[in-house]
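For clarity, every value in this text was computed on a predicted model and none was experimentally measured. Chain A is the first sequence line, chain B the second, and so forth, proteins listed ahead of strands; every chain is numbered from 1.
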Number of protein chains: 2
Amino acid sequence: MPTISDVARAAGVSMSTVSYVLSGRRPISAETSARVKAAIAELGYHPHAGARALASSRTNVLALVVPLRVDVNVPVIMQFVTAVVTAARTYNHDVLLLTKDEGTAGLERVAGATMVDALIVMDVERDDVRIPALGRLKQPSVLIGLPDDAAGIACVDLDFAATAHECLAHLAGHGHRRIALVGPSPAVYERGTTYAGRFLDGFTAASDELGLETVAHSCEPGAAGVRAALTEIEDELPGATALVVHNEEALVPLFEELRSRGRRVPDDLSIVAVCPRDVATSMPVHLTSADIPAHDVGTLAVEIAMDLLDGRRTEGVRLLPPTIVERDSCAAPRG
Amino acid sequence: MPTISDVARAAGVSMSTVSYVLSGRRPISAETSARVKAAIAELGYHPHAGARALASSRTNVLALVVPLRVDVNVPVIMQFVTAVVTAARTYNHDVLLLTKDEGTAGLERVAGATMVDALIVMDVERDDVRIPALGRLKQPSVLIGLPDDAAGIACVDLDFAATAHECLAHLAGHGHRRIALVGPSPAVYERGTTYAGRFLDGFTAASDELGLETVAHSCEPGAAGVRAALTEIEDELPGATALVVHNEEALVPLFEELRSRGRRVPDDLSIVAVCPRDVATSMPVHLTSADIPAHDVGTLAVEIAMDLLDGRRTEGVRLLPPTIVERDSCAAPRG
DNA sequence: AGAATCGGTCGAAGCGCTTCGACGATGGGT
DNA sequence: ACCCATCGTCGAAGCGCTTCGACCGATTCT
């Protein structure tokens with residue numbers, strides 16, 4: 001492995017000149033620069049990351065903390081991850097992957113050891129213990145999700161309240177007045193990630209605003225859960241003509257159940273789902289859906305991290321606007 | 001951030017003693033060791049990763065190259081990833097995540113910069129251009145998958161040929177003699193990952209060995225593809241009583257199609273699938289399936305990497321034996 | 001014309017750690 | 001009683017890089 005001094009010798013300059021060619025922090029003449037670059041290419045020189053980190057206290061690595069809970073959102077998580085990695089690369093950074101189960105200790109470890117310049121944390125909970133820990137680190141961090149109190153840490157997420165509003169507005173636009181929400185399982189509401197609650201709040205608010213008759217129900221996983229939810233909904237809001245489904249997992253059993261009840265989508269019942277595009281299009285009827293913009297959120301998280309590193313931009317909460325994609329699951333209510 | 005010399009001063013010893021306490025490379029008396037550890041805890045000292053890497057040429061970081069192709073196997077990929085990260089942590093290593101689309105350049109970058117001690121590469125293709133590049137690196141690597149020529153690089157994968165054999169043997173055990181394979185889409189066979197071909201070879205060989213009548217078909221994605229495959233199968237092997245499905249994506253439309261043809265599982269048709277456990281149990285009938293042991297493969301990959309780093313174990317190919325989990329999709333053929 | 005400025009380069013210090021050789025103090029073997 | 005090994009510790013070199021101050025020659029300003 002050639003070192004910077006090999007390059008310097010080969011190019012007939014000093015080490016510092018090579019360094020400045022590489023970093024651009026001082027002007028270097030075109031010829032010198034060319035000679036140095038040629039030497040670099042010829043020797044196949046790569047600066048040693050550790051040495052560089054030691055001397056500059058910059059690692060060009062971002063930590064990304066992912067939940068490893070293997071539930072239905074795995075593809076969405078993967079979308080976040082690839083978005084973050086890809087975006088990081090455009091800023092010449094790499095990504096160190098941590099799992100949530102390492103908890104606070106993991107954050108302290110990589111930050112304390114100066115392995116990373118900044119941290120991006122997914123799956124942040126309402127009252128996440130990691131937030132105070134993050135605040136103590138010398139590296140900046142950005143949260144994907146929205147805790148109750150971000151304590152001044154930057155956050156990015158989809159605007160779930162606005163998403164609920166858009167879903168209802170879309171259905172109202174088709175003429176629906178009686179609409180039910182099939183929400184996540186009670187476990188999700190309890191678990192602490194706030195998106196379910198924010199969606200529900202938005203749903204309720206939009207319902208009032210639009211003058212709709214609505215009911216909201218959580219939905220236990222599995223066919224039985226769906227059946228129960230549907231039954232209760234018919235009980236509490238008889239004649240509902242549309243469903244907002246904020247529960248990816250429920251989608252398949254929901255279609256099964258609707259089929260067996262003889263209700264056709266969208267003829268008898270319209271549906272708007274909140275789920276990734278590919279899930280929406282993998283259903284028997286392609287669903288009109290609000291996308292989870294995992295890619296945008298991940299990319300934005302990296303951009304904020306970079307801004308923070310450069311001392312730009314003050315922290316704060318960024319809620320991305322929803323996008324509803326119209327497909328085949330909405331129609332005007334019957335009669 | 002306290003440094004090792006702060007710790008040394010606080011404990012009243014030299015820097016090297018602190019270092020030896022941490023690494024255990026030289027004997028240190030119990031009292032000294034205790035004093036040093038106390039100082040470390042009190043100061044909240046973390047060794048600087050870059051400095052350590054520079055001095056020791058060990059980074060304690062593994063590179064993991066993942067495909068970012070967002071197709072149906074995303075959950076499986078995620079299982080690999082979490083297995084690798086978790087296993088790496090037990091060896092006190094972290095994981096740097098690279099995407100396949102960076103290709104050879106990404107490998108050379110992180111290896112050249114000495115950011116990692118070893119590399120684990122997923123989704124290796126038949127004639128993967130990254131293999132020669134990997135061979136040129138000074139770091140060892142391990143492949144997940146099985147190329148035509150591993151060029152001496154260690155490989156880990158499920159034994160797909162044996163898996164096919166087990167699937168057939170299981171069905172034969174139930175009394176089936178006429179069995180069809182619903183394979184991956186032609187694109188998968190062409191793409192270059194070898195598992196599809198290995199499964200097919202194993203299927204054919206086992207068919208002969210067990211004296212079965214079989215037919216194998218690729219299956220285009222989507223409902224239409226499934227319908228076509230099923231029709232051709234009925235044509236070429238009329239009266240087939242069982243299916244081996246090596247195509248996760250086809251499963252949902254397959255059930256739809258069987259329902260509409262009035263064929264019940266397992267009463268009229270038995271099925272063995274090759275897919276993750278959760279996919280198998282998310283079908284209308286819980287499928288008897290051969291698991292993709294992503295967790296084991298990922299863990300083993302890390303173990304091999306560690307062995308390689310310690311100069312232990314010679315490279316080679318490790319094919320993990322399959323496990324068939326019996327559920328509700330197999331019965332004796334009718335009549 | 002002399003001072004101030006700027007572009008381009010060099011030398012050296014120092015980032016925080018590991019590791020090698022050295023050294024005194026013990027203790028066992030003979 | 002003497003030599004050698006071993007244990008426990010220290011000092012210093014050096015890993016490969018960045019960056020600061022200095023320097024020199026060429027402009028530019030006044």
Side-chain angles (χ1 to χ4, degrees), chain A residues 1-37 39-40 43-61 92 109-117 138 309, chain B residues 1-37 39-40 43-61 92 109-117 138 309:
Chain A
M1 294 273 99
T3 73
I4 198 173
S5 88
D6 296 325
V7 174
R9 197 173 321 117
V13 299
S14 71
M15 282 168 47
S16 44
T17 299
V18 176
S19 180
Y20 288 126
V21 167
L22 253 22
S23 71
R25 290 191 189 284
R26 288 216 179 155
I28 298 289
S29 71
E31 309 129 85
T32 305
S33 175
R35 243 178 322 127
V36 168
K37 283 176 182 159
I40 287 174
L43 296 177
Y45 166 72
H46 290 273
H48 186 291
R52 184 174 269 207
L54 179 55
S56 68
S57 21
R58 278 290 227 125
T59 63
N60 278 38
V61 175
N92 195 30
R109 183 170 51 79
V110 299
T114 324
M115 299 183 77
V116 302
D117 292 336
K138 67 172 198 292
L309 284 177
Chain B
M1 294 272 97
T3 73
I4 197 173
S5 88
D6 296 325
V7 174
R9 196 172 322 117
V13 298
S14 71
M15 281 167 47
S16 44
T17 299
V18 176
S19 181
Y20 288 126
V21 168
L22 252 21
S23 71
R25 291 191 188 283
R26 289 214 177 158
I28 298 288
S29 71
E31 310 129 84
T32 305
S33 176
R35 242 180 321 128
V36 168
K37 283 177 180 156
I40 288 175
L43 297 176
Y45 167 72
H46 290 272
H48 186 292
R52 188 176 270 218
L54 180 56
S56 68
S57 20
R58 279 291 228 122
T59 64
N60 278 36
V61 174
N92 196 29
R109 183 169 52 78
V110 298
T114 322
M115 299 183 77
V116 301
D117 292 337
K138 67 171 198 291
L309 284 177

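Taking R35(A) as the reference, nothing meets the side chain to side chain donor-acceptor pair (under 3.5 Å) condition, with sequence neighbours excluded. Under the rule for a side chain to side chain donor-acceptor pair (under 3.5 Å), N60(B) has no partner lying at least two apart in sequence or in another chain. Taking the side-chain contact (heavy atoms from CB on, under 4.5 Å) definition, one finds that A113(B) meets it with A49(A), M115(B), sequence neighbours left out. A10(B) pairs by the side-chain contact (heavy atoms from CB on, under 4.5 Å) definition with A39(B), L43(B), not counting sequence neighbours. In this view, S5(B) and T3(B) satisfy the side chain to side chain donor-acceptor pair (under 3.5 Å) rule, not counting sequence neighbours. Residues passing the side chain to side chain donor-acceptor pair (under 3.5 Å) test with S29(A) are T32(A), sequence neighbours excluded.
V36(B) approaches V7(B) most closely through the heavy-atom pair O-CG1, 4.2 Å. Of all the heavy atoms in T114(B) and T59(B), the pair that sits closest is O-CG2, 3.1 Å. Shown here for A51(B) and H48(B), the closest heavy-atom pair between the two residues is N-ND1, 3.0 Å. When every heavy atom of P47(B) is checked against every heavy atom of R52(B), the shortest pair comes out as CG-NH2, 3.0 Å.
Rounded to the nearest 0.5 angstrom, N92(B) CG and R109(A) CZ are separated by 7.5 Å. Interatomic distance, OG1 of T17(B) versus CD1 of I4(B), reported as 9.5 Å (0.5 Å rounding). The OG atom of S57(A) lies 12.0 Å from the CE atom of M1(B); values are rounded to the nearest 0.5 Å.
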Listing, residues 21-28 of chain A side-chain donor-acceptor contacts under 3.5 Å, not counting sequence neighbours, or none:
from   : atom 1 : to     : atom 2 : distance (Å)
S23(A) : OG     : S19(A) : O      : 3.3
S23(A) : OG     : R25(A) : N      : 3.2

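Contacts between residues 22-34 of chain A and DNA chain D, counted as heavy-atom distances below 4.0 Å, involve R25(A), R26(A). DNA chain C lies under 4.0 Å from no heavy atom of any residue of residues 1-8 of chain A. Using a 4.0 Å cut-off on heavy atoms, none of the residues of residues 45-53 of chain B approach DNA chain D.
Where M15(B) and L54(B) meet DNA chain D, the nucleotide closest to each residue was compared, and M15(B) sits on the side nearer the 5' end.
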Q. Are M15(B) and V18(B) close enough, and set up right, to give a side-chain contact (heavy atoms from CB on, under 4.5 Å), and what steps lead you there?
A. CA-CA 5 Å; M15(B) 281 167 47; V18(B) 176; 5.7 Å; no
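Rounded to 10 degrees, the angle separating the terminal helix axes of the helix from dA1(C)-dT30(D) to dT30(C)-dA1(D), each built from five base pairs, is 30°.
Within the structure, every side-chain polar atom (N or O) of S14(A) is placed at least 4.0 Å from both OP1 and OP2 of dT9(C).
With a cutoff of under 4.0 Å to any heavy atom of chain B, the contacted region of DNA chain D is bounded 5' to 3' by dG8(D) to dG16(D).
Nucleic acid contact for S56(A): sugar-phosphate only, since backbone atoms but no base atoms lie under 4.0 Å from a heavy atom of the residue.
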